[in-house]
Amino acid sequence: MSMRQKVDLVAVDYYEQELKFQEKINHSLQSNELKEPLTWNVSQEQFVLDFPSQFDGKQIKGEVFFLRQSDKSLDKKIGIPINNSLSKVISTKELEKGVYKIEITWEVMEVEYYNEGIIRIN
């Protein structure tokens, strides 16, 4: 009887989503293996990323995805420009006040990393 049951996937691109999720896990593991973690803080009108000192002088690129779980129309993706600085400052002037989940994807010397967290924009 189970062989005659129709099984629909929840999403049409389920397998593609699963592969992306696995990539996040792999990149997160890369981040966990670093000697120093990526850190961030939110101050007045700024979101500051501080990258591990082991990447001093290396080109760092990536993006930060600000996810507003209460209203997806407020989601914002901001690129991290390529440069050799260990600190990246992102203006939060364009973001509405509130709580955001952040997803940070970044790359150094062709190795990809992933971090996430929760922040509050005041």
Side-chain angles (χ1 to χ4, degrees):
M1 182 164 162
S2 65
M3 291 177 61
R4 287 185 259 147
Q5 292 286 1
K6 183 178 178 189
V7 178
D8 288 325
L9 298 176
V10 174
V12 176
D13 61 347
Y14 170 80
Y15 295 109
E16 190 175 304
Q17 288 179 15
E18 184 65 27
L19 289 174
K20 287 181 183 178
F21 183 71
Q22 186 59 50
E23 282 180 6
K24 280 184 181 179
I25 292 171
N26 295 343
H27 297 158
S28 182
L29 291 173
Q30 287 288 103
S31 295
N32 292 341
E33 291 177 6
L34 294 171
K35 294 174 189 171
E36 296 174 42
L38 170 72
T39 60
W40 57 82
N41 66 59
V42 180
S43 61
Q44 236 176 346
E45 300 181 346
Q46 290 185 345
F47 175 74
V48 181
L49 289 168
D50 291 311
F51 292 89
S53 62
Q54 72 190 70
F55 298 123
D56 191 20
K58 306 281 193 272
Q59 289 189 337
I60 301 170
K61 65 179 179 178
E63 62 185 14
V64 180
F65 193 16
F66 294 87
L67 295 144
R68 183 67 175 266
Q69 295 177 335
S70 62
D71 183 354
K72 79 180 224 175
S73 70
L74 298 176
D75 291 356
K76 187 104 174 152
K77 192 177 284 191
I78 300 174
I80 300 170
I82 300 172
N83 66 34
N84 298 339
S85 173
L86 291 177
S87 290
K88 310 283 186 188
V89 178
I90 297 171
S91 173
T92 58
K93 290 179 184 179
E94 297 178 24
L95 297 172
E96 293 290 324
K97 294 180 181 182
V99 176
Y100 289 84
K101 176 181 178 186
I102 54 168
E103 295 183 348
I104 306 162
T105 55
W106 52 291
E107 182 179 325
V108 181
M109 297 172 18
E110 298 183 23
V111 178
E112 296 180 44
Y113 301 91
Y114 174 81
N115 297 84
E116 63 181 40
I118 304 292
I119 62 167
R120 177 173 203 80
I121 305 292
N122 294 320

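Remember, predicted model here, so these are calculated numbers, not experimental data.
Side-chain contact between Val111 and Gln30 is present, with heavy atoms from C-beta onward closer than 4.5 Å. Side-chain contact between Phe47 and Ile121 is absent, with no heavy-atom pair separated by less than 4.5 Å. Considering only heavy atoms from C-beta on, Asp75 stays 4.5 Å or farther from Ser73 through its side chain. Using a 4.5 Å heavy-atom threshold, the side chains of Val99 and Ile118 count as touching. By the 4.5 Å heavy-atom criterion applied to side chains, Leu74 and Leu95 are not counted as neighbours. Side-chain contact between Tyr100 and Thr92 is absent, with no heavy-atom pair separated by less than 4.5 Å. Ile102 places a side-chain heavy atom less than 4.5 Å from the side chain of Trp40. Lys101 is listed as a side-chain neighbour of Glu103, based on a closest heavy-atom distance under 4.5 Å.
Distance check: Ile60 CD1 to Ile80 CD1 gives 8.5 Å after rounding to the nearest 0.5 Å. In this structure, CE in Met109 is found 11.0 Å from CD in Gln59, a value given to the nearest 0.5 Å. Here the NZ atom belonging to Lys93 is positioned 9.0 Å from the CD atom belonging to Gln46, to the nearest 0.5 angstrom.
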Task: Intermediate values then yes/no, side chain to side chain donor-acceptor pair (under 3.5 Å), Ser53 and Glu36 - done: CA-CA 7 Å; Ser53 62; Glu36 296 174 42; 2.3 Å; yes
Open item on the list: Let's go through Asp56 and Phe51 carefully: what are the C-alpha distance in whole Å and the side-chain angles of both, what is the deciding distance for side chain to side chain contact (heavy atoms under 4.5 Å, CB included) to 0.1 Å, and is it a yes or a no?
Closed with: CA-CA 9 Å; Asp56 191 20; Phe51 292 89; over 6 Å; no
Open item on the list: Between Lys97 and Asn122, is the side chain to side chain contact (heavy atoms under 4.5 Å, CB included) condition met? List the steps.
Closed with: CA-CA 5 Å; Lys97 294 180 181 182; Asn122 294 320; 5.6 Å; no
Task: Criterion side chain to side chain donor-acceptor pair (under 3.5 Å) on Tyr114 and Glu116, from CA distance to verdict - done: CA-CA 7 Å; Tyr114 174 81; Glu116 63 181 40; 2.5 Å; yes
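Taking the six-membered ring where tryptophan is involved, the planes of Trp106 and Tyr113 are essentially parallel, since the angle between them stays under 30° and well short of 60°.
Leu34 and Val108 fall within the same hydrophobic cluster, defined by Ile, Leu, Val, Met, Phe, Trp and Tyr side-chain heavy atoms under 4.5 Å apart, directly or through other members. Residues Phe65 and Leu38 are members of separate hydrophobic clusters, defined by side-chain heavy-atom contacts under 4.5 angstrom among Ile, Leu, Val, Met, Phe, Trp and Tyr. Each of Val42 and Leu67 belongs to its own hydrophobic cluster when Ile, Leu, Val, Met, Phe, Trp and Tyr are linked at side-chain heavy-atom distances under 4.5 angstrom.
Atom CD of Glu96 sits in a sparse spot, with 12 or fewer heavy atoms from other residues, nucleotides or ligands closer than 6.0 Å.
Residue pairs meeting the side chain to side chain donor-acceptor pair (under 3.5 Å) criterion with at least one partner in residues 79-91, sequence neighbours excluded, are Asp50-Ser87, Asn83-Lys88.
No donor-acceptor distance shorter than 3.5 angstrom exists from the side chain of Asn115 to the backbone of Ile104, with no hydrogens or angles considered.
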